[in-house]
Structures are given as structure tokens and as C-alpha cells.
Amino acid sequence: MLTKLKKAGLVAGLSATLLLAACGGDNNNNNDAASNNGGDVDYGEEMNYTITGIEPGAGVVQAAENSVDVYELDDWTVDTSSSGAMATALGEAIKNEEPIVVTGWSPHWKFAEYDLKYLEDPEGVFGDEETINTMVREGLESDMPEAYELLDNFYWSPDDLEEVMLMVSEGQEPEEAAQAWIDENEDAVNEWKDGISEVDGDEIELVYVEWDTEIASTNVVGLILEDLGYDVTITPLDNAIMWEAVASSEADAMVAAWLPDTHGDLFEEYGDKMEDLGPNLEGAKIGLVVPEYMDIGSIEDLK
Ligand code: PBE
């Protein structure tokens with residue numbers, strides 16, 4: 001059943017992984033690849049043995065580099081650029097039906113826009129399902145109890161986040177998209193704000209990285225804090241610097257910690273110098289992502 005579903009393109013992304021995990025069957029896909037007469041070799045050549053990565057500091061890029069070692073993809077390299085450049089390259093490849101392997105993550109609008117699949121990762125290099133956690137600086141609870149409470153209450157679903165991301169990918173300004181989502185989801189927003197008193201222009205700074213997920217979440221939280229009366233600054237940084245900023249109390253908070261694996265090293269380095277308010281989203285995932293039309297199912301097939 002799984003193979004049929006996969007062939008029909010009915011499952012993608014996280015659900016495929018969960019189904020595969022549930023069925024315990026990564027053989028299905030290897031068979032798919034084997035039935036392709038050596039197409040995987042051609043794929044490598046066609047792609048110049050390049051995995052299309054994103055920002056160098058991203059956890060998913062580091063994991064992709066590890067996967068090259070673990071799966072002994074000797075000729076392969078991970079190209080780094082930006083999340084935007086990756087999305088452009090993916091769109092171009094799909095327009096021309098060319099092979100491409102990108103460092104991918106969910107939730108992400110690309111799964112709504114294109115037929116894509118995660119390559120299976122039998123060695124578990126990319127980890128399992130993750131959460132995105134909210135981290136605040138030490139002392140925020142006593143200094144800004146209202147913001148602390150809002151940040152603690154902020155919790156939404158991958159579908160919610162995808163709605164905002166999709167609007168941005170379709171050309172809306174992040175702030176506009178975030179406001180549109182807030183306007184359409186008053187109940188959720190009111191629950192997060194419930195019982196919190198307004199403040200009078202206190203300054204607060206959120207830090208993030210310009211990944212599609214974090215652009216969306218940070219803008220939503222920023223607007224809600226503004227609505228509570230805060231003077232909000234949102235500052236895009238490199239990943240490690242974002243963590244350092246909260247650890248050193250230079251910034252107040254971030255909603256962008258991918259745990260336990262993607263940012264595991266950073267959590268180890270900085271986690272005890274900040275307060276972890278727990279997940280603001282569950283069911284996140286990273287991995288290598290390819291268009292559904294590519295006739296491979298596992299990272300092993302890249303060899
Ligand atoms: N990402 C999106 C980040 C976390 C959020 C998967 C690109 C990373 O790899 O670090």
C-alpha cells in the first residue's frame with residue numbers, strides 16, 4: 001500500500017516519513033530505485049554531485065554535510081547560499097523537470113507548491129520529528145512579565161505556520177501576511193493574550209534567522225506583542241549569533257530553536273544561559289528533499 005501511495009504522489013513530507021516509520025519499511029523505496037536502470041548515477045552527474053543547501057549556519061546544512069560522510073557520497077558537496085536561493089533553484093529545476101536535491105524542512109510552503117518527497121534516511125543523520133521552541137533571556141520573566149507570558153502561551157500548528165509562509169511565498173510582505181493570519185485567527189490569538197495586561201511602549205527585541213518558517217513566526221509574535229503595547233524590534237541574524245544574542249541577554253527572545261537535533265549543538269553551548277519555554281510548534285522535520293518525479297527514495301540511492 002505504501003509503495004502505491006508513494007507512486008501516486010499522495011503522501012509527501014512528514015507524513016511519508018511517519019508512514020514509513022510505522023510500516024518499518026525502507027525497502028520499498030530501494031526497490032523503486034533499483035527498478036530504475038541506473039538513473040541515480042545520471043542524476044549525480046546531472047546535478048554536478050551537488051546538494052543545494054541554504055545558509056551555512058543552518059543545522060540542516062550541517063546535517064547534510066554529515067550525511068555526505070555517513071553515506072559515503074564521496075563525489076558530493078553541499079552548496080551553501082540562502083533559503084531564498086534554494087527555493088529559486090528548486091522552482092527552476094521543477095519547471096525544467098531536472099533533478100535536484102535540496103536541504104529541506106517542514107513545515108514549509110514548498111510542500112504545498114510542489115510535489116516533493118523526503119529521501120529516506122536509514123542512518124538517521126537528520127534525526128526524527130522535532131519541535132520548535134521559544135527561548136527567552138534570563139530575567140525576562142521578572143523584567144517583562146507580560147511579554148514572558150505571551151511568549152509562553154504562543155503555540156500553533158504546522159498548518160497555521162504554513163498559511164503565513166504561503167502568503168509570503170506568494171509575494172505578500174511578511175508583516176502583512178502575519179497580520180492577515182492574526183485577523184483570521186482571533187480565537188487563537190485571544191487565547192494567547194488572555195489575561196495579559198497591556199504595557200506602555202516597553203522595548204523588546206526578538207531575534208530570528210531569515211528562514212521562511214522563522215520569518216513567519218517571528219512576525220506573528222512581534223505583531224501580537226505590539227498589540228499588547230510593546231515597542232518591538234525584530235532582528236535577523238545568523239543562526240549561532242541568534243543563540244548567542246539571547247544567551248548574553250542582548251536580545252530578549254527567539255521563537256526559532258529547532259530541537260533536539262537541528263540546533264542541538266547550539267543548545268548545548270548556550271541552553272543553560274537562557275530559559276526554554278518549550279515548544280511553540282510540534283511536528284517539524286528536516287531532511288534531503290527531491291521532486292516526486294525523481295526515481296530515488298533514499299539518501300543511499302545517491303551513491
Ligand atoms: N531550518 C529552518 C533551520 C531551522 C529552521 C531547518 C532551515 C536550520 O536548519 O537550522
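Note that ligands are numbered from 1 as they come in the structure, with each ligand's atoms numbered from 1 the same way. Basis for what follows: all heavy atoms, side chains included, without hydrogens, waters or symmetry-related copies.
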(Q) Against the six-membered ring of Tyr71, is Lys303 placed for a cation-pi contact (under 6.0 Å from the centre, within 45° of the normal)? (A) no
Q: Before giving the answer on ring-ring contact (aromatic ring centres under 6.0 Å, His included), spell out for Trp181 and Trp156 the whole-Å C-alpha distance, their side-chain angles and the decisive distance to 0.1 Å.
A: CA-CA 12 Å; Trp181 189 90; Trp156 61 352; 5.1 Å; yes
Between ligand 1 and the protein, give all atom pairs where both partners are nitrogen or oxygen and the distance is under 3.5 Å, as lines of names plus distance to 0.1 Å.
{"from": "ligand 1", "atom 1": "9 (O)", "to": "Gly59", "atom 2": "N", "distance (Å)": "3.1"}
{"from": "ligand 1", "atom 1": "9 (O)", "to": "Val60", "atom 2": "N", "distance (Å)": "2.8"}
{"from": "ligand 1", "atom 1": "10 (O)", "to": "Gly59", "atom 2": "N", "distance (Å)": "2.7"}
{"from": "ligand 1", "atom 1": "10 (O)", "to": "His263", "atom 2": "NE2", "distance (Å)": "2.7"}

Q. Is it the case that more than 12 heavy atoms not belonging to Asp143 sit under 6.0 Å from its CG atom?
A. yes
Q) Would you find more than 12 non-hydrogen atoms of other residues, nucleotides or ligands less than 6.0 Å from Glu226 atom CD? A) yes
Q: Could you pull out the closest heavy-atom pair between Leu223 and Ala178, with the gap in Å?
A: CD1-CB, 3.7 Å
Q: Quickly, which of Met144, Met254, Glu205 forms a side-chain contact (heavy atoms from CB on, under 4.5 Å) with Arg137? Name it, please.
A: Met144
